[in-house]
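As a basis for the values below, the full set of heavy atoms in this structure was taken, side chains included, without hydrogen atoms, waters or symmetry mates. Only a predicted model underlies this, so the values are computations on that prediction, with no experimental measurement involved. Numbering of ligands and ligand atoms starts at 1, following listing order.
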Amino acid sequence: MRTSSIPSLHSARRRWAAAPAAAARPEVRWPQRIADSRAARDIAARRRVRRTVTWREGMRCEVDGRELLNFCSNDYLGLSQHAQVIAALRDGCVEGVGSTASALVCGHHALHATLEREVADWLQAPAALLFGSGFTANLAVLQALLQGGDTCVQDRLNHASLIDAAKLSGATLRRYPHGDADGAARQLATHEGDGLALIATDGVFSMDGDVAPLRELATLARTHDPLLYVDDAHGVGVLGPDGRGSVADAGLSTQDVPLQLATLGKALGTYGALVAGEADLVGHLAETARGHVYSTALPPALAAASIAAVRIARTANDRRATLHALIQRFRDGANEHGLDVLPSTTPIQAVMAFDDRIALRMSQVLEDAGFWVSAIRPPTVPEGRARLRVTLTALHTESEVDALVDALARARDAAGVTPLSA
Ligand SMILES: Cc1ncc(COP(=O)(O)O)c(C=O)c1O
């Protein structure tokens, strides 16, 4: 594949080639691999670009010098800017910033312990364990629980961290069609030998916004004995009684779902994640989960901010009511305009473009109109399933949602896509 249009790689190649160790090699192959990979992304319209936010207030922000209305953050309750959360962070760092070590060495602060206790209490689980992020938690949990000879059964659209976690664990990974509990049962039936089985599913699917068939999966787990692990990164704070998430919303408890993941970086507006569930399982993870044992504990101030966020989220029924009314308003408007939106009752609303270039074009037209909605393309979603991932928050207003729907319809028309109703 041609690389001559990528000058930075050429200069890197010259530098590497000049080094004595590299000179002995027939060809400097790393730059080639990177250039090929980048060129392949270019050809497929799959370059990924980070945008720089220079300012934000509510859902308004400045991105690369331009003011936009943000419809792609996961700050579903708007807590990332809540005055009490900010004050707790500030007050929490008067003793210092870093936790200075992993939890098992000397990094476990009383604020971490309080956060674990309060999240366990909120989710009505006997115990909870804090991790640096949801991604780390998923890797750590599945690695700590699974081993060679075990089977890990997963929804095909699970988050990347769950898929990677199963691969790292040494267990056999078996994926079932999206949302298909019967498919999960069929995959489970392939499990043989003395190993154990675990079913892992997103509670709310991060790119589609729909909810997993948790009751059916719980029934399967009751009758066939696999451990059920629910990653509720996008459900906690948003769904269920007191925002306890998709597990509680399905009327399930720790007896049905012995372990679940709650992330702090989405509806809670801070950073980090907790795994909540049966005391023995959580205790086992506290001693063996590598992402917990071998990683510096979160700054205590972040735990303080998260405690404040959890306390607000538990009682934020007004914010949840606003959010769910906006979700319904968005869906009604999208329906009227013939937009192709996947079924979802959550803040994640996927407006389908299917084609990568159409998704990019629509995103650009929206940005020109003052709306920030990122285009999601493979490999984040399956081939031919590119989309605009709209996310709604309690801080949006009705008129902003209406304006977004109008702009989406215009973007769809500009991209030459036929409306559904036509
Ligand atoms: C379903 C799901 N699980 C886990 C994660 C990772 O969580 P974190 O962002 O805290 O690493 C994400 C993040 O996007 C997610 O969508």
- Task: Could you find the nearest protein heavy atom to atom 12 (C) of ligand 1 and give me its residue, atom name and distance?
- Result: His159 NE2, 3.3 Å
- Query: In terms of side-chain geometry, is the basic nitrogen of Arg377 or Glu383 positioned less than 4.0 Å from the acidic oxygen of its partner?
  - Reply: no
- Query: If you round to the nearest 0.5 Å, how far is CD1 of Ile199 from CG of Asp155?
  - Reply: 11.0 Å
- Item | Which of the ligand 1 atoms, numbered from 1, are nearer than 4.0 Å to a heavy atom of Ser206 | 16 (O)
- Can you check whether Asn158 reaches Thr201 side chain to side chain, under 4.5 Å on heavy atoms? yes
- Task: Give yes if a backbone or side-chain nitrogen or oxygen of Ser161 is under 3.5 Å from a nitrogen or oxygen of ligand 1, and no if not.
- Result: no
- Task: Under the side chain to side chain contact (heavy atoms under 4.5 Å, CB included) rule, what do Asn70 and Cys61 come out as? Steps first, then yes or no, please.
- Result: CA-CA 7 Å; Asn70 189 343; Cys61 57; 4.1 Å; yes
- Message: Do Leu198 and Pro226 make a side-chain contact, defined as non-hydrogen atoms from C-beta onward lying under 4.5 Å apart?
- Response: no
- Please name the residue in the list Arg48, Arg387, Arg385 that meets the side chain to side chain donor-acceptor pair (under 3.5 Å) test with Thr380. Arg48
- What is the nearest protein non-hydrogen atom to atom 4 (C) of ligand 1, stated with its residue, atom name and distance? Asp231 OD2, 3.4 Å
- His178/Phe205 under ring-ring contact (aromatic ring centres under 6.0 Å, His included): CA gap, chis, key distance, verdict: CA-CA 10 Å; His178 177 52; Phe205 288 89; 4.4 Å; yes
- For ligand 1, which part of Ala273 has a heavy atom less than 4.0 Å away: the side chain, the backbone, both, or neither? neither
- Item | Sub-3.5 Å N/O-N/O distance, Lys266 and ligand 1 | yes
- Output the list of atoms in ligand 1 that are nearer than 4.0 Å to some heavy atom of Ala233, sorted by atom number. 1 (C), 2 (C), 3 (N), 15 (C)
- Per-atom filter on ligand 1: closer than 4.0 angstrom to a heavy atom of Phe135 are 6 (C), 7 (O), 8 (P), 11 (O)
- Query: Can you tell if the side chain of Arg329 reaches within under 4.5 Å of the side chain of His396, non-hydrogen atoms only?
  - Reply: no
- Taking only non-hydrogen atoms of Thr263 and a 4.0 Å limit, the atoms of ligand 1 in range are 7 (O), 10 (O)
- Item | Proximal atoms of ligand 1 relative to His234 (non-hydrogen, under 4.0 Å) | 1 (C), 15 (C), 16 (O)
- State whether a side-chain donor-acceptor pair under 3.5 Å links Asp75 with Ser80. yes
- Look only at interatomic distance and state if Val204 has a nitrogen or oxygen under 3.5 Å from any nitrogen or oxygen of ligand 1. no
- Task: Can you sort out which atoms of ligand 1 are near Gly134, meaning under 4.0 Å from one of its heavy atoms?
- Result: 6 (C), 7 (O), 8 (P), 10 (O), 11 (O)
- Task: Give yes if a backbone or side-chain nitrogen or oxygen of Asp202 is under 3.5 Å from a nitrogen or oxygen of ligand 1, and no if not.
- Result: no
